[in-house]
Protein chains: 2
Amino acid sequence: MTDPGSLLRDHGLSVTAQRIAVLRAVAACPHGTADDIAESVKSEIGSISKQAVYNALGTLVEKGVLRRIQPAGSPALFENRIGDNHHHLICRACGKTVDIDCAVGKTPCLHASHHHGFHIEEAEVIYWGTCPECRTQA
Amino acid sequence: MTDPGSLLRDHGLSVTAQRIAVLRAVAACPHGTADDIAESVKSEIGSISKQAVYNALGTLVEKGVLRRIQPAGSPALFENRIGDNHHHLICRACGKTVDIDCAVGKTPCLHASHHHGFHIEEAEVIYWGTCPECRTQA
DNA sequence: GTAAAAATATTGACTTAGTCCATTTTTGAC
DNA sequence: GTCAAAAATGGACTAAGTCAATATTTTTAC
Ligand SMILES: [Mn+2]
Ligand SMILES: [Mn+2]
Ligand SMILES: [Zn+2]
Ligand SMILES: [Zn+2]
């Protein structure tokens with residue numbers, strides 16, 4: 001991982017213990033919720049306020065350092081794998097989330113057939129299914 | 001529209017004033033929120049409880065009569081256009097939501113490149129962009 | 001048509017995933 | 001080191017639902 005301090009400085013952000021810990025936590029739990037991140041940060045630096053977690057995550061997403069995924073029926077998930085337009089496959093039963101490479105590459109992989117005059121910025125793809133573990137249980 | 005009474009009966013559901021009104025409301029406001037539906041129902045039959053709205057919508061989605069869309073940062077939306085696997089294009093600025101015909105056949109992106117042993121049931125696609133109105137304002 | 005059983009609706013408390021805001025603390029620039 | 005700007009904290013507040021007990025309506029059986 002890039003040094004969190006430089007990463008923050010490179011994006012014009014002040015370097016705080018909380019932001020550094022949040023960056024480390026996201027690296028440690030990919031596709032973690034704000035709550036997962038908070039727990040991980042607490043175990044690393046002792047304490048952090050809920051608001052600081054949301055602020056750090058929000059700012060870092062804004063700067064393009066992190067990516068936020070908001071699957072239906074789940075709190076938002078965060079990851080630091082960015083810039084490759086990858087997608088997600090989520091288990092409907094247990095919520096397990098895995099990365100799926102975009103079959104087409106790095107450029108936006110989907111083009112709406114008729115765009116109604118909209119300017120399209122992103123095509124978000126979520127695959128829903130059942131993971132191997134949940135499937136054997138059913 | 002199919003007669004709401006028969007539609008309910010055909011799916012083994014009891015026919016109640018609330019369910020009929022909810023079906024009419026969804027037909028009247030496609031991509032409406034539970035709240036939109038509730039307002040529409042109230043103007044039609046006088047009153048309905050919040051819970052009855054959620055119950056009716058939930059049951060009808062379960063039976064495949066309605067479809068629920070849950071875009072990031074928005075309450076769930078409901079529609080009665082089902083069975084054609086169409087997608088949605090949403091304006092980031094104002095939330096305007098329009099239908100987009102399914103891209104299957106046009107892109108390889110709808111088939112996960114590597115499915116990690118999951119059984120994939122659905123590929124959900126949401127296009128994010130800016131609608132013509134919001135674009136001229138910017 | 002009526003009565004009992006089953007399904008549904010109502011009400012109000014409760015929950016989750018956040019946001020808002022006033023105050024305190026930390027950071028970066030000089 | 002001083003000071004202004006930025007960030008963190010704590011606590012109240014909100015939106016979008018869910019839960020559970022009770023009341024009402026609908027269906028089924030006669
Ligand atoms: Mn990912
Ligand atoms: Mn639609
Ligand atoms: Zn699973
Ligand atoms: Zn718009």
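Residue numbers start from 1 in every chain, and the chains themselves are labelled A, B, ... in the order their sequence lines are given, proteins ahead of strands.
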Please list, chain by chain and in numerical order, all residues satisfying ring-ring contact (aromatic ring centres under 6.0 Å, His included) with B:H88, sequence neighbours excluded. B:H31, B:H86
For C:dT10 and B:Q18 - does any side-chain N or O of the residue sit under 4.0 Å from the phosphate oxygens OP1/OP2? yes
Residues in side-chain contact (heavy atoms from CB on, under 4.5 Å) with A:A28, at least two apart? none
Which residues satisfy the side-chain contact (heavy atoms from CB on, under 4.5 Å) test with A:S43, sequence neighbours excluded? none
Ignoring hydrogens and geometry, is there a side-chain-to-backbone donor-acceptor pair from B:H116 to A:C131 under 3.5 Å? no
Once salt bridge (Lys or Arg N to Asp or Glu O under 4.0 Å) is applied, what residue pairs with a partner in residues 51-63 of chain A remain, sequence neighbours excluded? none
All N/O donor-acceptor pairs, side-chain side in residues 45-58 of chain A, below 3.5 Å, sequence neighbours left out:
{"unit_1": "A:S49", "atom_1": "OG", "unit_2": "A:A52", "atom_2": "N", "d": "3.1"}
{"unit_1": "A:Q51", "atom_1": "NE2", "unit_2": "A:N55", "atom_2": "OD1", "d": "2.9"}

When the rotation axes relating C1' atoms of four end pairs to the next four are compared across the helix from C:dG1-D:dC30 to C:dC30-D:dG1, five pairs an end, they differ to 10° by 40°
Between A:P4 and the options A:V26, A:V15, A:L23, A:V65, the side chain to side chain contact (heavy atoms under 4.5 Å, CB included) test singles out A:L23
Mind jotting down which residue pairs meet the salt bridge (Lys or Arg N to Asp or Glu O under 4.0 Å) criterion with at least one end in residues 69-79 of chain A? Sequence neighbours excluded, please. A:R67-A:E79
Report the distance from atom NE2 of B:H11 to atom C1' of C:dA7, rounded to the nearest whole Å. 18 Å
With sequence neighbours left out, the residues meeting side-chain contact (heavy atoms from CB on, under 4.5 Å) with B:T16 are B:Q18, B:R19
Nucleotide N/O of nucleotides 12-22 of chain C paired with protein N/O under 3.5 Å:
{"unit_1": "C:dG18", "atom_1": "OP2", "unit_2": "A:A76", "atom_2": "N", "d": "3.2"}
{"unit_1": "C:dG18", "atom_1": "O5'", "unit_2": "A:Y54", "atom_2": "OH", "d": "2.6"}
{"unit_1": "C:dG18", "atom_1": "N7", "unit_2": "A:K50", "atom_2": "NZ", "d": "2.9"}
{"unit_1": "C:dG18", "atom_1": "O6", "unit_2": "A:K50", "atom_2": "NZ", "d": "2.9"}
{"unit_1": "C:dT19", "atom_1": "O4", "unit_2": "A:K50", "atom_2": "NZ", "d": "3.4"}
{"unit_1": "C:dC20", "atom_1": "N4", "unit_2": "A:Q51", "atom_2": "OE1", "d": "2.2"}

Students should find this one: the first and last nucleotides of DNA chain D, 5' to 3', lying under 4.0 Å from a heavy atom of chain B. What are they? D:dA16 to D:dT27
Measure all distances between protein nitrogen or oxygen atoms and nitrogen or oxygen atoms of nucleotides 28-30 of chain C, and list the pairs falling under 3.5 Å.
{"unit_1": "C:dG28", "atom_1": "OP1", "unit_2": "A:V15", "atom_2": "N", "d": "2.9"}

Within residues 36-48 of chain A, those residues having any heavy atom closer than 4.0 Å to DNA chain D are A:I48
Taking B:K42 first and then B:D35, would you say they form a salt bridge - that is, a charged N and a carboxylate O separated by under 4.0 Å? no
